[in-house]
Amino acid sequence: LLPHLYAEYNRRFAVFAEAFQSVTPDNPWQQIVKGTVAFFVANKGLIRALHLHSRLNPAVVPQGSTKAREGIYQALEPLITKQGLDAGARNRRARMAALVMVSALTEAILYPDMTPVAAAGLSRDQLVEELSELLDSYVA
């Protein structure tokens with residue numbers, strides 16, 4: 001069953017990733033965070049099952065399952081990273097920003113009743129606003 005779940009997730013993720021092509025330079029982090037929240041909410045059960053499975057059994061995660069993410073980093077990099085940085089620094093910054101966003105949203109959407117999310121006391125709208133501002137200031 002797990003290979004089919006990973007395949008379904010990758011199919012859904014590919015559809016989600018296509019939406020990143022329409023992100024505009026006008027407040028991109030707001031668009032990115034909102035879109036990612038919507039994807040996480042719509043796929044919460046599947047994402048949580050695979051998240052827990054991959055943490056407990058990393059050896060059985062299909063190889064190449066994270067390769068699809070490369071296209072997103074490349075598409076977003078010009079929109080979300082500080083101008084004037086060399087290509088390597090821009091890439092690292094885009095990846096770090098994506099890591100912070102995904103980590104925060106994983107906690108907030110998949111485990112909303114647990115610490116640290118429960119202790120933060122932020123509504124989903126507040127989380128989107130604050131996370132967008134945080135990421136925007138990091139990459140600016």
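In this chain, numbering begins with 1 at the start of the sequence shown.
Asn27 pairs by the side-chain hydrogen bond (donor to acceptor under 3.5 Å, both in side chains) definition with nothing, not counting sequence neighbours. Residues satisfying the side-chain hydrogen bond (donor to acceptor under 3.5 Å, both in side chains) criterion with Tyr6, sequence neighbours excluded, are His53. By the side-chain hydrogen bond (donor to acceptor under 3.5 Å, both in side chains) test, Arg90 pairs with Thr81, sequence neighbours left out. Not counting sequence neighbours, the partners of Asn43 by the side-chain hydrogen bond (donor to acceptor under 3.5 Å, both in side chains) test are Arg12. In terms of the salt bridge (Lys or Arg N to Asp or Glu O under 4.0 Å) criterion, residue partners of Arg11 (sequence neighbours excluded) are, by chain and number, Glu8. In terms of the side-chain contact (heavy atoms from CB on, under 4.5 Å) criterion, Ala7 has no residue partners (sequence neighbours excluded). Residues meeting the side-chain contact (heavy atoms from CB on, under 4.5 Å) test with Ala108, sequence neighbours left out: Val117, Leu127. Residues satisfying the ring pair (Phe, Tyr, Trp, His ring centres under 6.0 Å) test with Phe40, not counting sequence neighbours, are none. With sequence neighbours left out, the side-chain contact (heavy atoms from CB on, under 4.5 Å) criterion links Leu5 to Leu1, Leu2, Leu46, Leu50.
Screening residues 96-120 for side-chain hydrogen bond (donor to acceptor under 3.5 Å, both in side chains), with sequence neighbours left out, gives His51-Tyr111. Evaluation of the ring pair (Phe, Tyr, Trp, His ring centres under 6.0 Å) test over residues 116-140, restricted to residues two or more places apart or in two chains, returns none. Residue pairs meeting the side-chain hydrogen bond (donor to acceptor under 3.5 Å, both in side chains) criterion with at least one partner in residues 116-127, sequence neighbours excluded, are Ser123-Gln126.
Taking hydrophobic clusters as Ile, Leu, Val, Met, Phe, Trp and Tyr residues chained together by side-chain heavy-atom distances below 4.5 Å, Phe20 shares a cluster with Val100. Linking ILVMFWY residues whenever their side-chain heavy atoms come closer than 4.5 Å, directly or via other members, leaves Leu105 and Val15 in distinct clusters. One hydrophobic cluster, built from ILVMFWY side chains closer than 4.5 Å, cannot hold both Leu110 and Leu56; they sit in different ones.
Using a 4.5 Å cut-off on side-chain heavy atoms (C-beta onward), Gln31 and Pro25 make no contact.
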>> Run Ile47 and Phe39 through side chain to side chain contact (heavy atoms under 4.5 Å, CB included) and show every step you take.
In response: CA-CA 10 Å; Ile47 295 170; Phe39 177 74; 3.8 Å; yes

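To the nearest 0.5 Å, atom CG of residue Leu135 and atom CE of residue Met96 are 9.5 Å apart. Atoms OG1 and CE, from Thr36 and Met101 in turn, are 3.5 Å apart once rounded to the nearest 0.5 Å.
Closest non-hydrogen pair, Lys34 versus Val128, comes out as CG-CG1, 3.6 Å. In terms of heavy-atom proximity, Ala98 sits nearest to Trp29 at N-CH2, 4.4 Å. For the residue pair Asp86 and Gly88, the shortest heavy atom distance occurs at OD1-N, 2.9 Å.
Not one N or O on the side chain of Gln30 forms a donor-acceptor pair closer than 3.5 Å with the backbone of Glu129.
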